[in-house]
Amino acid sequence: MAVPKRKMSRSNTRHRRSQWKAVAPNLVTCESCRQPKLAHIACPTCGTYNRRQVLEV
Amino acid sequence: MPRPAKGARLGGGPAHERLLLSGLATALFEHGRITTTEAKARRLRPVAEKLITKAKRGDLHARRQVLTVVRDKSVVHTLFEEIGPRYANRPGGYTRITKIGNRKGDNAPMAVIELVEALTVAQTAVGEAEAATKRSVKEQEAKKAEETKVEETEAPAAEAAEEAPEAAETEKDA
């Protein structure tokens, strides 16, 4: 079985972990209720998409 | 030539996918709108629209073909009696998919797929007018292209005619 030959240094570990970042979601304002929502997805607060009611709230 | 769907089948295999899609199509025609994952909705859309096109045709052959997919006879009846005639003047595009964000349990992207409303009289008029303008533009372009082609091809055509008999002769020799 393949196993690591050397202990990984803290530097290398921290360098790898520093590249793991969260990305802020791309929010737009809802046309009908002015709440922030994800683009191209029905508004979770008022349930509309393109001013058309999609979900019951 | 028909191109196979990209990516893995839904479910465990081709038969499982067929069963899943037929179940989804039955539910869609029964309820008018269903909530499912986006991948299933995207896969369902062409299946459902082809069934509606068959329903618009409305003859016994079409009904038997639909019955091989939608096994529920009462659903097939509503499909042929209500849904098909509703889209008599709509040239395709009978369903609408709206994304509604990710599911809580497994973060799967969800979507609502629904049958769209029948076309109003105004919408049909607009659609016909747009189609007419598109057609006239196409015809004009074709005419223009033909005129330019004739001018361009007159000279080379004469050359080609001279070359053609020679080519035929060489072929005979060979």
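- The side-chain heavy atoms of B/Leu20 and B/Arg43, taken from C-beta on, include no pair separated by under 4.5 Å.
- The shortest side-chain heavy-atom distance between B/Leu10 and B/His16 does not fall under the 4.5 Å cut-off.
- The only option from B/Val75, B/Leu79, B/Ile52 that meets the side chain to side chain contact (heavy atoms under 4.5 Å, CB included) definition with B/Val66 turns out to be B/Leu79.
- By the side-chain contact (heavy atoms from CB on, under 4.5 Å) test, B/Ser22 is found to be paired with B/Val69, residues two or more places apart in sequence or in another chain being considered.
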**Item:** CA sep, side-chain torsions, deciding dist, call: B/Glu130, B/Thr133, side chain to side chain donor-acceptor pair (under 3.5 Å)
**Value:** CA-CA 5 Å; B/Glu130 275 174 2; B/Thr133 50; over 6 Å; no
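- Among residues 40-49 of chain A, the residues having any heavy atom closer than 4.5 Å to a heavy atom of chain B are, in sequence order, A/His40, A/Ile41, A/Ala42, A/Tyr49.
- Counting only distance, with no hydrogens or angles, the side chain of A/Gln53 and the backbone of A/Leu55 share a donor-acceptor pair below 3.5 Å.
- Contact of the B/Arg33 side chain with the B/Leu115 side chain is not registered, since no non-hydrogen atoms from C-beta on lie closer than 4.5 Å.
- Within the 4.5 Å cutoff, the side chain of B/Leu44 has no heavy atoms near those of the B/Thr36 side chain.
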**Request:** Would you check, one step at a time, whether the test salt bridge (charged side-chain N to carboxylate O under 4.0 Å, His left out) holds for B/Glu38 with B/Arg42?
**Result:** CA-CA 6 Å; B/Glu38 199 193 323; B/Arg42 297 248 177 256; 3.3 Å; yes
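- Contact annotation for residues 94-111 of chain B against chain A (heavy-atom separation below 4.5 Å, listed by residue number): B/Arg96, B/Thr98, B/Lys99, B/Ile100, B/Gly101.
- The CZ atom of B/Arg71 sits 9.5 Å away from atom OG1 of B/Thr26, with the distance rounded to the nearest 0.5 Å.
- B/Glu81 places no side-chain N or O within 3.5 Å of a backbone atom of B/Thr78 that could act as its donor or acceptor partner.
- Under 3.5 Å, the side chains of B/Glu139 and B/Ser136 contain no donor-acceptor pair of N or O atoms.
- B/Tyr87 places no side-chain N or O within 3.5 Å of a backbone atom of B/Leu119 that could act as its donor or acceptor partner.
- Contacts with chain B (heavy atom to heavy atom, under 4.5 Å) involve no residue of residues 3-37 of chain A.
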